[in-house]
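Predicted model only: the values in this text are computed from it and were never measured. Atom set for the values below is all heavy atoms of this structure, side chains included, hydrogens, waters and symmetry mates excluded.
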Amino acid sequence: MTSEKPPAVPLAKPAAPAPVPHAGPDSVRASDADRDRIADILREALAEGRLDAEEHSERIESVYRAKTLGELEPLIRDLPAGQRTAPPPPGPAPHHSPPHGRQVMVPEGPRNVVAVFSAANRAGRWRIGLRTVASAVFGSVELDLTEAIFDQPYVTIDATAVFGSVEIKVPENVTVRTGGTGVLGSFEVVEMVSGDPGAPVIMVKGAAVFGSVEARPVPGKAVRNLRNA
């Protein structure tokens, strides 16, 4: 007696994956190059008098907090450069030579200079990146930028002094902005606007709690070649 095989049952086809909604240009993640482009536009607007120091400071902080192109575009919408240019299309950014032959390095992350019940300093021909964190707790930190190499056109120094001091020396031909506060302490930054449009912009922010943060220019000290430094 022969047994009959049951008829084959066709396998069900796997369900097609749900389509991924198309992301618009505004939701594309911003790159460091995108942020630097907007920062350059804001710096030019400051030099031209279109923005005052407080507006420039607020917008620059927003630039480096932005995650998408849609967050960057409103920051220059009311400026001439914002009317002429549109955000770049999605995809790899083209490689352009920086203006005046100045090489812009890729930021590696914050550099930390910390002093706890001690002293720390950076001086001489050292390379300052996009962000430097200086913290003094019952100690002292000294940052001497008079001979530093500026890889970025806009750098931020986060200075915190708790029962200590942070002293920052800057060249006399750079632009300096501040966004710090003193809490039963002293936060004194000499703000300056350089006459050279290629000068680096240094933002000093943070807090002094029962301590002091000071940033001032050193007479006779200058970035010798702002375009190639």
Checklist entry - Taking atom types as modelled, is there a side-chain donor on E188 or S186 under 3.5 Å from an acceptor on the other? => result yes
Checklist entry - Between G180 and T178, what is the shortest heavy-atom contact and its length? => result N-OG1, 3.5 Å
Checklist entry - Got a salt bridge between R77 and E73, using NZ or NE/NH1/NH2 to carboxylate O under 4.0 Å? => result yes
Next on the checklist: Assess the residue pair R50 and E55 against the criterion (salt bridge (charged side-chain N to carboxylate O under 4.0 Å, His left out)); give the C-alpha distance rounded to whole Å, side-chain angles, the decisive distance to 0.1 Å, and a yes or no.
Outcome noted: CA-CA 10 Å; R50 300 182 188 277; E55 291 172 323; over 6 Å; no
Next on the checklist: Would you compute the distance between atom CZ of R127 and atom CD of Q152 and round it to the nearest 0.5 angstrom?
Outcome noted: 10.5 Å
Item to check | Sole candidate of T156, V189, V176 that passes side chain to side chain contact (heavy atoms under 4.5 Å, CB included) when paired with M203 | outcome: T156
Item to check | Sequence neighbours excluded - salt bridge (charged side-chain N to carboxylate O under 4.0 Å, His left out) pairs with any residue from residues 134-145 | outcome: E142-K169
Checklist entry - Looking only at heavy atoms, which two atoms of N173 and S194 are closest? And how far apart? => result O-OG, 3.1 Å
Next on the checklist: Once rounded to the nearest 0.5 Å, what's the spacing between atom CE of M192 and atom CD1 of I202?
Outcome noted: 7.0 Å
Item to check | S31 OG to R37 CZ distance, which is reported to the nearest 0.5 Å | outcome: 8.5 Å
Checklist entry - How far does OG1 of T132 sit from CH2 of W126, to the nearest 0.5 angstrom? => result 4.5 Å
Next on the checklist: Working to the nearest 0.5 angstrom, can you tell me the gap between R35 CZ and L75 CG?
Outcome noted: 11.5 Å
Next on the checklist: For A222 versus P171, what's the shortest heavy-atom pair and its separation?
Outcome noted: CA-CB, 3.8 Å
Checklist outcome for this item: Closest non-hydrogen atoms of A120 and V114, given as atom of the first, atom of the second and distance, are CB-O, 3.7 Å
Next on the checklist: How long is the straight-line distance from CG of D34 back to OG1 of T68, given to the nearest 0.5 Å?
Outcome noted: 10.0 Å
Checklist entry - Given side chains that start at C-beta, do those of L42 and I76 come closer than 4.5 Å, heavy atoms only? => result yes
Item to check | Residue pair T146 / V170, side-chain heavy-atom distance below 4.5 Å | outcome: no
Checklist entry - Under a 4.5 Å cut-off applied to non-hydrogen side-chain atoms, are I128 and I149 in contact? => result no
Next on the checklist: Using every non-hydrogen atom in the two residues, find where G139 and A136 come nearest and quote the distance to one decimal.
Outcome noted: O-CB, 3.5 Å
Checklist entry - Does the side chain of L145 come within less than 4.5 Å of I157's, by heavy atoms? => result yes
Checklist entry - Got D158 and T160 here, is their nearest side-chain heavy-atom distance under 4.5 Å? => result no
Next on the checklist: Any heavy-atom pair between the side chains of V223 and V174 that's under 4.5 Å?
Outcome noted: yes
Next on the checklist: What I'd like to find out is whether the side chain of F187 reaches to under 4.5 Å of the side chain of V204, using heavy atoms alone.
Outcome noted: yes
Next on the checklist: Looking at E71 and R65, is any side-chain nitrogen of the basic one under 4.0 Å from a carboxylate oxygen of the acidic one?
Outcome noted: no
Checklist entry - Under a 4.5 Å cut-off applied to non-hydrogen side-chain atoms, are R177 and V193 in contact? => result yes
Checklist outcome for this item: Nearest heavy-atom approach of A115 to S140 is CB-O, 3.4 Å
